[in-house]
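Take a look at the structure below.
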Amino acid sequence: MIVDIVTIFPEMFDAPLSSSMLGIAQERDLLDVRCHDLRDWTHDRHRTTDDAPYGGGPGMVMKPEPIFEAVDAVQSLGPVPGKVVFFTPAGEPLTHSLVVELAEEPRLILVCGRYEGFDERVFSMADLQLSIGDYVLTGGELPAMVLVDAVSRHIPGVLGHEDSAADETFTENLLEYPQYTRPAVYRGLEVPEILRSGDHAKIAAWRREQSIRRTARLRPELLAGASLSEAERAIAREELGRVAEERGGDDDLD
Ligand code: JD8
């Protein structure tokens, strides 16, 4: 996959792109990330990318011309035009299923803004407007890195173990089971006996139950999308009941 990133801070991407998985993916030619300095498409001495908002108000807005010119120029680098993605707090929330879809694209062009955001007209170039969550960041660079990280895990050959992207939380709509490694006891905290038993059928059943209980407790809204047997539904209901019980107990303190 080819990813082009348009930004006024291309150096922000150096560390995350050279680290571990993303570095290896690029060395293996499974991923080619190219960062472009938006200021290369400015025409004034100061390489200006922002201007005051029409109508007044605080802060500055990204000028449209450098963005239109940059996206045109980067698209014509080929070999395919690529899907143009803008990051904005008003975008569609990024989800696991969107990540999986985007991982199938041959090329993405990610446009990162700064300041108070973009001149609205640049969105006429967008195939997609994305947000990574309901909190405010200072720009689109971190969201672009989040997308590259998430998408790259779904490119065949990027993960060592091919199935590890598949059997996870957001595929099954269940949280992960708790994990442990040695030592068996640390500061008095014990690894559950069953995990040390060597009984792999029991271990698998325990892990599944833990996933269901955790999901019921911490992210009950996910259960609607989880495919559970009738026995598993009963476990979920039991855990939801315990949670309600605990909350009910709290009320007495009020
Ligand atoms: C792009 C400028 C900052 C946005 C005023 C200062 C995504 N989930 C997300 N949170 N924030 C962003 C994001 C923020 C951005 C830009 C993305 C460009 N800003 C502006 C409007 C309000 N601040 C994001 N994806």
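Each ligand, and each atom within it, is numbered from 1 in the order the structure gives. Residues take their numbers from the sequence shown, with the count starting at 1. Atom set for the values below is all heavy atoms of this structure, side chains included, hydrogens, waters and symmetry mates excluded.
Of all atoms in ligand 1, numbered sequentially from 1 with element shown, those under 4.0 Å from a heavy atom of Pro143 are 7 (C), 25 (N). Close approach to Tyr115 involves these atoms of ligand 1, each under 4.0 Å from a residue heavy atom: 2 (C), 3 (C), 6 (C), 19 (N), 20 (C), 23 (N). Less than 4.0 angstrom separates some heavy atom of Tyr135 from each of these atoms of ligand 1: 8 (N), 9 (C), 10 (N), 11 (N). For ligand 1 and Leu130, the ligand atoms under 4.0 Å from any heavy atom of the residue are 25 (N). Near Gly133, meaning under 4.0 Å from one of its heavy atoms, ligand 1 places the atoms 8 (N), 9 (C).
Below 3.5 Å of separation, one finds no N or O of Phe87 facing any N or O of ligand 1. Note: no N/O pair closer than 3.5 Å links Glu116 and ligand 1 by distance alone.
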When you look at Arg107 and Asp32, which way does the side-chain contact (heavy atoms from CB on, under 4.5 Å) test go after all the steps?
CA-CA 9 Å; Arg107 187 177 183 203; Asp32 182 13; over 6 Å; no

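Listed by chain and residue number, nothing satisfies the salt bridge (Lys or Arg N to Asp or Glu O under 4.0 Å) test with Asp72 (two or more places apart in sequence, or in another chain).
Considering only heavy atoms from C-beta on, Val148 stays 4.5 Å or farther from Pro16 through its side chain. With contacts defined as side-chain heavy-atom distances shorter than 4.5 Å, the pair Glu101/Thr95 does not qualify.
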Quick one: side chains of residues 216-223, donor-acceptor pairs under 3.5 Å with protein atoms, not counting sequence neighbours, listed by atom name and distance.
{"unit_1": "Arg217", "atom_1": "NE", "unit_2": "Glu239", "atom_2": "OE2", "d": "2.7"}
{"unit_1": "Arg217", "atom_1": "NH1", "unit_2": "Glu246", "atom_2": "OE1", "d": "3.0"}
{"unit_1": "Arg217", "atom_1": "NH2", "unit_2": "Glu239", "atom_2": "OE2", "d": "2.8"}
{"unit_1": "Arg217", "atom_1": "NH2", "unit_2": "Glu246", "atom_2": "OE2", "d": "3.2"}
{"unit_1": "Arg219", "atom_1": "NE", "unit_2": "Glu221", "atom_2": "OE2", "d": "2.6"}
{"unit_1": "Arg219", "atom_1": "NH2", "unit_2": "Glu221", "atom_2": "OE2", "d": "2.9"}

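The protein atom (non-hydrogen) at minimum distance from atom 14 (C) of ligand 1 is Leu137 O, 3.5 Å. Of all protein heavy atoms, the one lying nearest to atom 15 (C) of ligand 1 is Gly139 CA, 3.7 Å.
Looking at Asp134 against ligand 1, nothing comes within 4.0 Å, counting heavy atoms. If you look at Arg114 next to ligand 1, the close heavy atoms, those under 4.0 Å, all belong to the backbone.
The environment of CG in Asp14 is crowded: more than 12 heavy-atom neighbours from other residues, nucleotides or ligands sit within 6.0 Å.
A donor-acceptor pair is defined here as one N or O able to donate and one able to accept, closer than 3.5 Å; no such pair exists between the side chain of Arg39 and the backbone of Ile8.
Using the six-membered ring where Trp is involved, Phe170 and His96 have ring planes that are tilted, between 30° and 60° apart.
At least one heavy atom of Pro89 sits less than 4.0 Å from an atom of ligand 1.
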